[in-house]
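Below is one structure, written out as structure tokens; the observations come after it.
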2 protein chains.
Amino acid sequence: MSKFDEIMKRSGYSRATVSRVINRSPHVSDEARRIITEIMNELDYIPNRNAVSLSTGQTKQIGIVTAMIDELSLTFINQFMDTAMDYGFQTIVYMSRSDKQIELQAFEDLRSKRVDGLLIVTCVNDPGELKTYLQYGPMVSWQRMGNDEIPSIAMDQAQGYRLALEHLVSKGYTRIANVFGRSNSLNTKSRREAYETFMTSQGLPVWREAYQYSVFTSSDGETALRRMANGGELPQAVLCSNDYAAIGIMSEARRHNIHVPDQLAIVGFDDIELSRVLELTTIHNPIAEQAKQAFYHLWRVLGNEEHKATSLAYRLIERATT
Amino acid sequence: MSKFDEIMKRSGYSRATVSRVINRSPHVSDEARRIITEIMNELDYIPNRNAVSLSTGQTKQIGIVTAMIDELSLTFINQFMDTAMDYGFQTIVYMSRSDKQIELQAFEDLRSKRVDGLLIVTCVNDPGELKTYLQYGPMVSWQRMGNDEIPSIAMDQAQGYRLALEHLVSKGYTRIANVFGRSNSLNTKSRREAYETFMTSQGLPVWREAYQYSVFTSSDGETALRRMANGGELPQAVLCSNDYAAIGIMSEARRHNIHVPDQLAIVGFDDIELSRVLELTTIHNPIAEQAKQAFYHLWRVLGNEEHKATSLAYRLIERATT
DNA sequence: TTGTATGCGTTATCAT
DNA sequence: ATGATAACGCATACAA
């Protein structure tokens, strides 16, 4: 006999009434509530979540799909977890390690009702295939999806990039090098276009020869600076894929006795904690706000209150490197 | 009507037979299997995992409890995931961010049958309290538990530490500095004792003044070396809390023009990927094997085949820093 | 090989 | 406020 039945028996109340006190329904006499609660405690009772989920059709659980957890995604994930928890949702992480099969498990879990919804931080499967899972439950993505069918709360980085460009030019830096991440990513494409369009519009030269790709870490940044230093004329300023890269460039510049910002101005991207400490000029990426929006999106689709999607924007944070 | 019922109706077979082909029972006619499988595909059927779990009492899911995911724990977690998958188990990560309440959710999920077992990579709650959850399902811990009741597959680091000490002394280094992690952790205690016992047994002086604590990252390592350099007499060798710290010490030594290993020998701990590249002498920590053992332990308690627990050992990896 | 009946632990819809 | 009963979707012991 299950504990639930035991409670029924001992208390003398019916299945329904016991369920009511478990779920804090107001329609129970104080007497019943008292007696049943007491027995629940005696028995150390806790509902079987599989049974609850089967009955309600909801798991109150949201899956987080990500290949890996790094400092940036962690900021996002943490904020998402907090928000979800505020609304009574648990979150579980599906770390795929870029394995398509493992990643797919998360989506199959949506299909088999193990989670109510999915947050995609990073995914390796083809969005075109993943979108078929939309019929089983809501999903949002942080990563930009080429596909428009899977909703994404990603922002267009071009806006942030323009901010940096305007800042640099207004300060008199015109010979600007660009250090990108993945060469074929949507974000890189956006940034590159933003740069080329902006420079052209200002009547300034577009410096394609100075493009560098696959610069992600601070150690990549160090390498990047060395290439610049060895590559003839030094740029007046460099726009970085992210703050880590910028930090690498900054520290390597110091070793090369290149003065920042006089000889080389540096602008990062994302505005991570460290960049404040190191006084790096950067573009503030409202990650926490995006995480909230991501949850609100799921929340909305899961059939609850509306939530206005406040529009987010990048912000330039001027510090000591420009 | 559920898809399951739909399959019954369309195929004309009974509930039991349908269930049999779903679960690949051999006791079905080819005919029945063919027909039912076909209908399953037509209907795009997939079992509701809540129903399955409720019925079987098993979720085939193991929870991984960890405060944070860093490179070291990642090695462990990845291997555990692979092993678990080989045995048909899914894994989900409960990242507590050192929040006791959040961490407790994982344990409550064991209680409420959301997971079949728990792997504790790191935990912040008191082991004395956590052990009460053992009645709800199996748990293993990687982290050492002061408490003996929660099984742990952690190894005694003293063995590895002695290896390093023997190596150093045999090479003629006797003025040895120790760089530890958390000052009050069980591991630090083990190591410190191993050092003091060993030195005493060799008739060598114990150098307590050179103890440094809270050295975790490579940047901590850099600081540690600076302290040594400014602290009067340099040690002949330094034993590090982990490879990151060792790498920090190594690179900072280079900047101070301290030659390794002639002026300073360095021994790391764990044998991470990077240490091979950087030719760091270190103690190999059989993390992957520990992860397997962790799973086997759960597997055994979950009532399946026995698995001999092969005993693991640390190994000295001599490279260029000694 | 197949079918019947029952159980898993809970919620929800009606009544009363 | 309380209770009887069905429903959730599936597995399984037992019969046939």
Side-chain angles (χ1 to χ4, degrees), chain A residues 1-37 39-40 43-61 88 108-114 116 136-137 303, chain B residues 1-37 39-40 43-61 88 108-116 136-137:
Chain A
M1 184 163 51
S2 70
K3 283 191 181 173
F4 193 105
D5 290 329
E6 179 76 17
I7 296 176
M8 285 175 57
K9 211 179 87 180
R10 289 209 204 172
S11 70
Y13 282 98
S14 73
R15 182 174 305 287
T17 300
V18 171
S19 178
R20 286 190 186 97
V21 359
I22 291 174
N23 296 295
R24 313 187 180 295
S25 157
H27 306 292
V28 235
S29 63
D30 292 347
E31 163 107 356
R33 188 186 318 282
R34 194 182 50 71
I35 296 180
I36 294 177
T37 303
I39 302 180
M40 277 172 48
L43 262 44
D44 195 31
Y45 171 80
I46 190 179
N48 180 313
R49 287 196 61 181
N50 297 308
V52 175
S53 294
L54 177 59
S55 190
T56 61
Q58 289 222 347
T59 62
K60 285 293 181 180
Q61 215 165 232
E108 287 295 319
D109 273 14
L110 181 64
R111 187 147 95 100
S112 61
K113 310 284 184 207
R114 250 296 132 95
D116 293 337
Y136 305 113
Chain B
M1 186 162 52
S2 72
K3 282 190 182 174
F4 193 105
D5 291 328
E6 178 74 18
I7 297 175
M8 285 175 56
K9 211 179 88 182
R10 289 209 203 172
S11 69
Y13 282 97
S14 73
R15 181 175 303 285
T17 300
V18 171
S19 178
R20 286 190 187 97
V21 358
I22 291 175
N23 296 297
R24 311 189 180 297
S25 157
H27 307 292
V28 232
S29 64
D30 292 346
E31 163 106 357
R33 188 187 317 283
R34 195 182 49 70
I35 296 181
I36 294 177
T37 305
I39 300 181
M40 276 171 48
L43 261 45
D44 194 33
Y45 172 80
I46 190 179
N48 180 313
R49 289 195 61 183
N50 297 307
V52 175
S53 295
L54 177 58
S55 190
T56 61
Q58 290 221 350
T59 61
K60 285 291 181 181
Q61 215 164 233
E108 287 295 318
D109 272 12
L110 181 65
R111 188 147 94 101
S112 61
K113 309 284 184 206
R114 248 299 132 93
V115 292
D116 292 338
Y136 305 113

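The sequence lines fix the lettering, A, B, ..., with proteins before strands; numbering per chain opens at 1.
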Rounded to whole Å, how long is the line connecting atom CG of B:Leu54 with atom C1' of D:dC8? 9 Å
Where the side chain of B:Thr37 meets the backbone of B:Arg33, is there a donor-acceptor pair that is under 3.5 Å apart? yes
Could A:Arg111 and A:Glu108 be called an ion pair, given the rule that one side-chain N must be under 4.0 Å from one carboxylate O? yes
Closest to the 5' end of DNA chain D, once A:Arg15 and A:Asp30 are matched to their nearest nucleotides, is A:Asp30
Check the phosphate of D:dC10 against B:Tyr45, side-chain N and O only, distance under 4.0 Å to OP1 or OP2. Yes or no? yes
Measure the spacing between NZ of A:Lys9 and CG of A:Asp5 and express it to the nearest 0.5 Å. 9.5 Å
Can you check whether any acceptor in the base of C:dG3 is under 3.5 Å from a donor in the side chain of B:Arg20, or vice versa? yes
Nearest listed nucleotide, side chain of B:Tyr13, among D:dG9, C:dT2, C:dT6: C:dT2
With a 4.0 Å limit, can you tell me whether A:Asn23 has a side-chain N or O closer than that to the phosphate oxygens OP1/OP2 of C:dT11? yes
note: A:Asp5, atom CG; D:dT5, atom C1'; distance rounded to Å ~ 14 Å
Would you mind reading off the distance between B:Arg114 atom CZ and C:dG9 atom C1', rounded to a whole angstrom? 13 Å
Nearest-nucleotide 5' precedence on DNA chain D, B:Thr56 against A:His27: A:His27
Atom-to-atom span, CE of A:Met8 to C1' of D:dA4 - whole angstrom: 10 Å
Salt-bridged, A:Arg49 to B:Asp109, with N to O below 4.0 Å? yes
Check whether the side chain of A:Ser55 and the base of C:dG9 form a donor-acceptor pair under 3.5 Å. no
Give the rounded distance in Å between these two atoms: CG of B:Asn48 and C1' of C:dG9. 14 Å
Do any side-chain nitrogens or oxygens of A:Thr17 fall under 4.0 Å of OP1 or OP2 in D:dG3? yes
How close or far is atom P of C:dT10 from atom NZ of A:Lys60, stated in whole angstroms? 18 Å
Just so I know, are the side chains of B:Arg15 and B:Phe4 near enough to count as touching, which here means a heavy-atom distance under 4.5 Å? yes
B:Asn50 CG to C:dT11 P: how many Å, rounded? 13 Å
What's B:Ile7 touching, base or sugar-phosphate or nothing? Going by heavy atoms closer than 4.0 Å. nothing
Which nucleotide wins on minimum distance to the side chain of B:Ala16, given the candidates C:dT2, C:dT4, C:dT10? C:dT4
Expressed in angstrom and rounded to an integer, what is the separation of B:Arg111 atom CZ from C:dG9 atom P? 15 Å
Name of the residue among B:Ile36, B:Val18, B:Ile39 meeting side chain to side chain contact (heavy atoms under 4.5 Å, CB included) with B:Met8: B:Val18
Any side-chain N or O of A:Ser19 less than 4.0 Å from the OP1 or OP2 oxygen of C:dT10? no
In terms of side-chain heavy atoms of B:Ser14, which of D:dG9, C:dT4, C:dT10 is nearest? C:dT4
Choose from C:dT11, D:dT2, D:dA11 the nucleotide whose nearest atom is closest to any side-chain atom of B:Val52. D:dA11
